[in-house]
Amino acid sequence: MRIATYNINGIKARLPRLIEWLSETQPDVACLQEIKTSDETFPVKDIEDAGYGVIWHGQKGFNGVAILARGETPVEVRRGLDGEPEDEHSRYIEADVKGVRVASIYLPNGNPQPGPKFDYKLRWMKRLRDRAQQIWAEEVPAILAGDYNVIPRDKDVYSVKAMADDALMQPESRAAYRRILGDGWTDAILSKHPAGGVWTFWDYQMNAWPRDAGFRIDHLLLSPAAADRLIDAQVDKDFRGREKASDHAPTWVELAG
DNA sequence: ATGCCATATCACATATGA
């Protein structure tokens with residue numbers, strides 16, 4: 001069973017690419033981020049016509065997450081995180097699908113730092129960890145997948161110097177990510193590619209894609225019951241090079257069974 | 001400090017992104 005995460009940077013602009021990716025790679029479950037559309041305007045019919053059931057948590061103009069499942073509709077468990085009722089960003093949706101608990105996560109970018117956006121990022125990461133601990137206590141196979149906007153290690157970025165002041169690799173961002181891993185979650189790409197040099201994002205600017213100047217910010221975190229079934233973890237890098245591509249590439253895990 | 005590119009919206013200018 002393959003479970004993927006894909007920040008598509010606008011589902012309307014990316015719809016042909018999304019349908020093509022679903023058709024070519026046939027993921028069993030796909031977590032999307034940055035759908036950038038309201039609940040009312042989500043292209044549910046196009047996705048159903050491609051053979052997928054879907055739940056989504058939209059927002060006009062930016063943010064927005066969804067979970068797709070081949071041949072069935074995910075059973076929603078919750079949308080949004082506790083701890084900050086005034087937070088109206090659509091960044092989290094969670095469902096039970098094909099025997100696995102799956103979350104689609106769009107973690108705040110946090111730039112510029114320092115500042116209120118960075119503070120929001122760190123608060124959001126604490127709220128995510130709180131939810132992850134609740135899921136952990138349920139002892140279900142679980143995958144927390146999405147755009148974490150965190151470069152975990154220096155080996156996960158093309159240039160430490162170029163990104164040194166970016167919110168994505170500040171010590172506080174890394175520490176918050178490490179605390180979640182410290183609770184026992186397995187970073188699937190890290191576990192299969194410990195040497196690093198695996199990118200999931202390439203900026204549209206500064207010729208980043210042709211230079212292969214990327215970094216790793218899209219992550220799949222596995223609970224022990226899911227990690228026990230981990231066969232492979234990869235990036236569909238090819239899709240970053242196509243016409244009208246997202247700046248992220250699809251990233252996925254293959255689980256036994 | 002800003003633009004570089006891209007997507008979006010009360011669209012020909014501005015917010016957001018990473």
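Residue numbers begin at 1 in each chain, while the letters A, B, ... track the order of the sequences.
Shown here are the ring pair (Phe, Tyr, Trp, His ring centres under 6.0 Å) partners of His248(A), two or more places apart in sequence or in another chain: Phe201(A). Partners of Phe62(A) under the ring pair (Phe, Tyr, Trp, His ring centres under 6.0 Å) rule, at least two apart in sequence or in another chain, are His89(A). Every residue meeting the side-chain hydrogen bond (donor to acceptor under 3.5 Å, both in side chains) condition with Ser90(A), not counting sequence neighbours, appears here in chain and number order: His57(A). Remark: Arg179(A) pairs with no residue by the side-chain hydrogen bond (donor to acceptor under 3.5 Å, both in side chains) rule, at least two apart or across chains.
If you take atom P in dA6(B) and the same atom in dC10(B), they sit 23 Å apart, rounded to whole Å. Spacing of C1' atoms, dG3(B) relative to dG17(B), comes out at 15 Å, to the nearest Å. dA8(B) and dA18(B) are spaced 14 Å apart, taking the P atom of each and rounding to whole Å. When the C1' atom is compared between dT2(B) and dA11(B), the two are found 23 Å apart, to the nearest whole Å.
dC4(B) adopts an anti glycosidic conformation, its chi angle falling more than 90° from 0.
No hydrogens or angles considered: nothing links the side chains of Trp136(A) and Asp183(A) as a donor-acceptor pair under 3.5 Å.
In this structure, Lys121(A) reaches neither bases nor backbone, as no heavy-atom distance under 4.0 Å exists between it and the strands shown.
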Taking distance alone, no hydrogens or angles, what donor-acceptor pairs closer than 3.5 Å link side-chain atoms of residues 160-168 of chain A to residues at least two apart or in another chain?
unit_1    : atom_1 : unit_2    : atom_2 : d
Asp166(A) : OD1    : Asn111(A) : ND2    : 2.9
Asp166(A) : OD1    : Leu168(A) : N      : 2.9
Asp166(A) : OD2    : Asn111(A) : ND2    : 3.3

Quiz item: Nucleotide by nucleotide, 5' to 3', does protein get under 4.0 Å of the base (B), only the sugar-phosphate (S), or neither (-) in nucleotides 8-18 of chain B, counting heavy atoms?
Solution: SSS-----SSB
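Following rounding to the nearest Å, Glu243(A) (CD) and dA6(B) (C1') show an atom-to-atom distance of 14 Å.
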